[in-house]
Structures are given as structure tokens and as C-alpha cells.
Asker: 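Got a structure here, written out as C-alpha cells. Questions coming.
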There are 2 protein chains.
Amino acid sequence: MVTLAEVAQHAGVSASTVSYVLSGKRSISATTRQRVEESIRKLGYHPNAGARALASSRSNIIALMIPLRTDMYVPVMMEIAIAVAAGARTHGYDILLLTDEEGPDAVRRVTGSGLADAMILMDVELDDERLPLLREGGSPGRARSGVADDQPSVLIGLPADTTGLTCVDLDFRATGALCVEHLAELGHRDIAVIGEAPAVYERHTGFAERTLDGLRTRARELKLRLLHRPCEGGYDAMAATLARIFDERPDTTGFVVQNESAIEPLLALLRQQGRAVPEDVSVVAICPEQVATQASVRLTSVALPAQEMGRHAVEQLVAKLGGRGSDEVVLLAPELTVRASTGPAPVRP
Amino acid sequence: MVTLAEVAQHAGVSASTVSYVLSGKRSISATTRQRVEESIRKLGYHPNAGARALASSRSNIIALMIPLRTDMYVPVMMEIAIAVAAGARTHGYDILLLTDEEGPDAVRRVTGSGLADAMILMDVELDDERLPLLREGGSPGRARSGVADDQPSVLIGLPADTTGLTCVDLDFRATGALCVEHLAELGHRDIAVIGEAPAVYERHTGFAERTLDGLRTRARELKLRLLHRPCEGGYDAMAATLARIFDERPDTTGFVVQNESAIEPLLALLRQQGRAVPEDVSVVAICPEQVATQASVRLTSVALPAQEMGRHAVEQLVAKLGGRGSDEVVLLAPELTVRASTGPAPVRP
DNA sequence: GTGAAAGCGCTAACAT
DNA sequence: ATGTTAGCGCTTTCAC
């Protein structure tokens, strides 16, 4: 292994000079810099990460905690993770991948060991047990040397109480409102919402409730009738749910779907029942772009901006690490793309 | 931050004793051990990762390179990544998440900096440019101090030339054979294969070709007629492909699908055409379990054993790191699960 | 603009 | 069974 000292010797300068050439933290004469860079290349030198971390007490690593559960929105999670990794690299950071298997202990371990300089948490629950460890100001009763040893962190998702936390998420309330508005403009008066599986609501992940809130509020304002039904994924569950919906509200002409695994079954069932999309019924989906464009009907949808969320999270974190403050909560504005699944409501006799 | 020295002082022992209590590398009297452990808990001590890495020249980190492309098998990738992360933790390793954006440079950077002790590469291409850096024996022409400074590594996926490499993958050849056998047993004589998008074949990722090889070989042995058609995802592409298939081979009664985004369209189209599954045609899918069980027809399928692959990769790597040799190539045996999409071939007039 | 030198917190000989 | 000590490779004062 090539060390900094070897580079220094080879270039005929001191170790500190090499270090400063690398960090740019003090001015170096052009000739010296060139000699050093030359030696670095020739010897194939790579600074040792451990030594760096020890001497500088910064690891240049950001920890990313992803959910173990692989039952929901997996492609979105993956896309976020990849965006985070790529974004982090542009700022010189690497990503340490943590699952939430260890729970809060992982936070302590990483914080305590200095393995990472900061962390990003995905899939935060409303009352997440990891949050107390991350709130700025630290745990109550901790009043050590005055040094704030909290881990700078950014959450992807919105917990119930965001005080002292930085969060990035899609504005699901606005998303719900947007879907309702679109259908209202097309003349639909009876709207059914196919929601996530009941388990998702019970898990209190927040986004489902916020979407529903946005849907309901806007529906009330626009005087639309809204029926919400959670739904397990799959064909059979969707069939049962759909039957109930048309039973209770036979005049339903608009659907909002927030459940990836209900989308294709819904479309198939509507086809089977002879209800044409979008002539008889309109469907708006809240889902990844890819799902919307690859469905059997190209879906009007609000996309989950995975890349953007990942990028934002990194930007926020880097800002924090650089001492610059950052916003508490960033809610990304939803964008609705009109495709082939929505059209004017059919005229009623 | 609490240091080892502070723990030592608090427990009234020397630094090395604390270190050895932690590592278990030499015997410690019960009383001393207890005092030390007590102090560790009381002070909330966490060993500093950087210092550890520097002193021991082992980071206890495994790098995992995942593909940037998020167009294929994303849930599988994610599941593997999570399995790798979880598996690594049980051996005391953390996972560093690398994308293949940097290409081979990422390998050099991680190897050179000692950031990771080893690496796992996913989605390896047949002639991957990162492979030369990973082959045991190192790059030709490198004859330094006799120390093998290669990064121990495991590939998930199979390149063209596996010499000097450790690989884990599903046995796709056997998978293809298994699908054909199943259909043959049910009496199907004309089989159509819906393959991945042409781009996948062109990218030379290997698994698609190996599956096809297994399909063809076994079909020939069993004297079945086999028609293979690559297919872009989505409804329209599938419709065109299906039309061509029935045009060329009207007697086709068996389908093998190796393309997630073609599955649901295929089922919908068959329904539309009045071909009942499994009464008129049978469908075998090569896809994740979840897709098979959530499709509009519960699919007979060969699963992609994501978790198993992740776990295996870690085991192999840990074996290597522990100095124990490991197998060159581990091919996991495919398992076919019979569900509702396959049945006896219809009797021909 | 450059060098010298003191650690950073830990591990692993080498002692006893 | 425990203590002493010399680094690991780098960053960063302090000195010129």
C-alpha cells in the first residue's frame, strides 16, 4: 500500500505539503503541486480512509437506513437509494447501507463509532422510535461538554412531530387535492379512492393519511362525493372492493388509486365489466412513472419523485454538514401528468 | 466522545485489556471482564471505527455495487441488497453502497483507500470491465512485495470467464430446462418463450442466454417445438409479440415468460382472445414470488431466490476473508412451484 | 509557500 | 491474566 509519506519522499516534499495539495486547504506553488500530483499518479496513491477519519474525525460517509419490509413501493425505495448514492458521491460522500433491523441501535452504533458523519432515514413512521435520537438538541438529560454530538440527519417521509428534524417528502396532501381537482374539472361527481392495504394505515406511515386528507378536503370544497376503501393488493381483493364500491355508489365515474398492486387488477376488472376507460370511468393513479406508462392503459398519474427526493435529502444533509442551516421540512410539489386513463365524465340521463 | 482510554481508566485496567475484552483475542478473568463491560455500558462507549480500521487495517465494511439502471428486476435487486446487508451484519460487517456510475474507478477507489475489506458485485455483465481488477492473482505485470492486495470479491451473476472469480447465481440453464419439463409432462408440444427486451440480450448479462440455452436443449431432448421471442415490456409490445407467435405457431399451448412487465399484459391478452388459462394455454413464469402470487392468475413459476443469493454471497465472502477458501461458482438450484396457470394440454382433434 | 511534529483512538506485539 | 508501548497513515497546529 502506498502511503502519503512515500508520495512526499518521491516528490521531495514534506508530508504536510502532500496533505495540503490533496485538501486544498492552503496555497501551494504550481510547481510543487504538479510534482506532488505526478508522484500520486505514478505511485497509484489512494489516501487511507481509516487514517483520514481518525485524524479529521470525519468519515465522509452518510448512512442510509432503508426499511427491511419489501412489500411496498420497492422500486421507489430503490430509486431513492440510488439517487442518494449518486448525489452523495458528487459531494465526496459514500453511502453506508443500514436496514432498520437493528432499529434504534443502528443509529447509536453509527453515531457512536463515527462510522458515518450523518444519516438519511427512509420510510419514517409517524411516531418512529429512532426520532428521539435524532432531534436537534439531543436527548434530554444529556448535558456533556457542550458539544452537540447529535448526528445530522434528514428524514425521507414525515413523522407526526417534526420539531428539531429535517424532512423531505412529496406533498401528499396537495397530491390528493390535485387528483380530485383533475377529476372535478372533467365533470366527475362521484369519486372512489382505492387505498393502500389496511396494514399500511395501521402502520402509521403518514403518507396514506395525508393523501386521504387532501382528497377529502378538496372533495368537500368542490362538493364531490368521495368514497375511500383500503385494499389489499391482487386481483381477488380488488374484485371484492370494486363490487362493494359500485354497490354503495353506482354512479361512481372517477377512481383515484394509491396502491401499485391494485392498479392492473382494477383495469382488468373494469374491462371485464364493460366499463371503458376513459369513456365510462376515469382513473388517476399515484404511483411511479414506470407503472403509469406500462399499465395496460396509460395512466393519468401523480408520480412519486424518487430521484428528486433522494437528491434533496442529500443536499439538505450536505448543507447541514457544511454548517449552513437547512429548511426544516421540504414538501415537493406534486405534478399530475394527463395520459389516456382520464376523460370527461359520461353524460347522465 | 468516550475513548477506550477513558473506559480503561474508569475500570482501573490498561487500554489493552479493554481492547482484548472487546475482541476476545485473549482470555480475561471473569471479574475484570465484568468491570470493563460495566464501564463500557456506564460511559456509553463505542469503539471508533476510523481508529480501528487504521490500527487493524480492516474496516469491517463490505462494498456492494448495484446497477444504476432501474429498468429491470428492481425488487429483486433490492431484496438481494437487503439480504446482503442483513447477512453482513450477522458477521459484523456493514455495507457500503456503490453504484456502477463510477465504473471500475469505484473498485480502485475502495480497494486503494481501504474503505472496504471486500466487495460484492451485482448485475455482472458477460465481459465486465471491472473483472480484471478482481481476478485473483491480480493484474498481470504487477509483481510488488509478494503481498496479494486484491480485493476479495463475490459476483452475483455469471460472467463469460469465471477463472479466478467467485460467483453466485441462479442456475438459469436448469431453470429453463425445468420449465420445459413441466410443460412437457402436462402434454404440451408447442411452447413459446416470451423473453426479456432485446436490449437485455444485447447487454450480454448472460442469464437470459443461459435460460434460453436450457429451454432449447431440454426442448430438443423432449422433442418439443420451441419458439423464442424477445419482448419489450408493456401491453402494446406484448400484443404484437403474441400475434406473431400465434401466427407462426397456431398450435402453441405452453408459454414460458421471463419478463416481468410482459406477464400481466400476456394474461390480459389471452383472456381477451378467449383463451382460458390453464384450460386452453398454460403459462410458466420466471419471476419473483410476489409477482407470481399477485398476478391476475396465480402463476406457476420458478422464483428468483433473491434472499438466498444475497446470503450466499455474504457467506462466500466471509469465508474468503476468514482465509477459508470458497467455491468458485455456486449455482443455486431452481425450484418450480405449481400454481393455477398450468394444466394439461387440451386434447387436439 | 513549506516543514516538523504532535496527536487522532485503537491494535498487537512484547513484556511480565 | 494483565500492563507497556510502538506504531497504523493522516490532519493540523505551530514555526519559519
Side-chain angles (χ1 to χ4, degrees), chain A residues 1-37 39-40 43-61 92 109-115 117 145 147 149, chain B residues 1-37 39-40 43-61 92 109-115 117 145 147 149:
Chain A
M1 202 205 42
V2 188
T3 70
L4 185 148
E6 294 176 284
V7 173
Q9 188 172 14
H10 184 272
V13 296
S14 75
S16 58
T17 297
V18 177
S19 176
Y20 284 118
V21 166
L22 254 36
S23 69
K25 285 187 181 168
R26 79 180 182 193
S27 43
I28 304 282
S29 75
T31 55
T32 311
R33 150 167 292 114
Q34 298 213 329
R35 275 224 313 290
V36 171
E37 279 165 352
S39 301
I40 288 176
L43 303 180
Y45 169 72
H46 285 272
N48 179 285
R52 249 192 184 171
L54 178 55
S56 65
S57 34
R58 308 191 331 95
S59 64
N60 280 299
I61 288 178
R109 188 167 63 82
V110 169
T111 319
S113 65
L115 231 184
D117 297 332
S145 56
V147 180
D149 58 356
Chain B
M1 203 204 44
V2 187
T3 70
L4 185 147
E6 294 176 287
V7 173
Q9 188 172 14
H10 183 273
V13 296
S14 75
S16 60
T17 298
V18 177
S19 176
Y20 285 118
V21 166
L22 255 36
S23 69
K25 285 186 182 169
R26 77 180 184 194
S27 43
I28 303 284
S29 75
T31 55
T32 311
R33 152 168 289 115
Q34 299 215 328
R35 275 222 315 290
V36 171
E37 279 165 352
S39 301
I40 288 176
L43 301 180
Y45 168 73
H46 285 272
N48 180 285
R52 241 184 193 181
L54 178 56
S56 65
S57 39
R58 310 192 330 97
S59 64
N60 280 300
I61 288 178
R109 188 168 62 81
V110 168
T111 319
S113 65
L115 233 185
D117 298 333
S145 56
V147 179
D149 58 357

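If you're wondering where the values come from, they're calculated on a predicted model, not measured in any experiment. Lettering follows sequence order; numbering is per chain, from 1.
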Asker: Test A/L22 against A/R52 for side chain to side chain contact (heavy atoms under 4.5 Å, CB included), laying out the working first.
Answerer: CA-CA 12 Å; A/L22 254 36; A/R52 249 192 184 171; 4.0 Å; yes

Asker: Please report how far the helix from C/dG1-D/dC16 to C/dT16-D/dA1 bends, comparing the axis fitted to its first five pairs with the axis fitted to its last five, to the nearest 10 degrees.
Answerer: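 It comes to 30° between the two terminal axes.
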
Asker: Measure from the side-chain N and O atoms of A/S59 to the backbone N and O of A/L115, and report whether any donor-acceptor pair falls under 3.5 Å.
Answerer: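 Pair found, side chain donor or acceptor close to backbone of A/L115.
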
Asker: Restricting both atoms to N or O, compile the protein contacts to nucleotides 9-11 of chain D shorter than 3.5 Å, with distance only.
Answerer:
unit_1: D/dC10; atom_1: OP1; unit_2: A/Y45; atom_2: OH; d: 2.5
unit_1: D/dC10; atom_1: OP1; unit_2: A/N48; atom_2: N; d: 3.2
unit_1: D/dC10; atom_1: OP2; unit_2: A/L4; atom_2: N; d: 2.3
unit_1: D/dT11; atom_1: OP1; unit_2: A/R52; atom_2: NE; d: 2.7
unit_1: D/dT11; atom_1: OP2; unit_2: A/S19; atom_2: OG; d: 2.9

Asker: Sequence neighbours excluded, which residues qualify as side chain to side chain contact (heavy atoms under 4.5 Å, CB included) partners of B/E37?
Answerer: B/V21, B/R33

Asker: Touch check for B/T32, heavy atoms < 4.0 angstrom, all strands: base, sugar-phosphate only, or nothing?
Answerer: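 Result for B/T32 = sugar-phosphate.
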
Asker: Is there a donor-acceptor contact under 3.5 Å from the side chain of B/S113 to the main chain of B/R109?
Answerer: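 Flag set: sc B/S113 to bb B/R109 pair under 3.5 Å.
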
Asker: Any chance you could measure A/I28, atom CD1, to A/R26, atom CZ, to the nearest 0.5 Å?
Answerer: 6.0 Å

Asker: Are A/I61 and A/V110 close enough, and set up right, to give a side chain to side chain contact (heavy atoms under 4.5 Å, CB included), and what steps lead you there?
Answerer: CA-CA 10 Å; A/I61 288 178; A/V110 169; over 6 Å; no

Asker: If you walk 5' to 3' along DNA chain C, what is the first nucleotide with an atom under 4.0 Å of a heavy atom in chain A, and what is the last?
Answerer: C/dG1 to C/dG9

Asker: Listed by chain and number, what are the side-chain hydrogen bond (donor to acceptor under 3.5 Å, both in side chains) partners of A/T32, not counting sequence neighbours?
Answerer: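 If we apply the side-chain hydrogen bond (donor to acceptor under 3.5 Å, both in side chains) test to A/T32, skipping adjacent residues, the hits are A/S29.
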
Asker: Take atom CD of A/E6 as the centre, draw a 6.0 Å sphere, and report whether it contains more than 12 heavy atoms from other residues, nucleotides or ligands.
Answerer: yes

Asker: Apply side chain to side chain contact (heavy atoms under 4.5 Å, CB included) to A/A11 and list each qualifying residue two or more places apart in sequence or on a separate chain.
Answerer: A/V13, A/V36, A/S39

Asker: So which heavy atom on A/V2 is nearest to which on A/G44, and how close?
Answerer: CG2-O, 4.2 Å

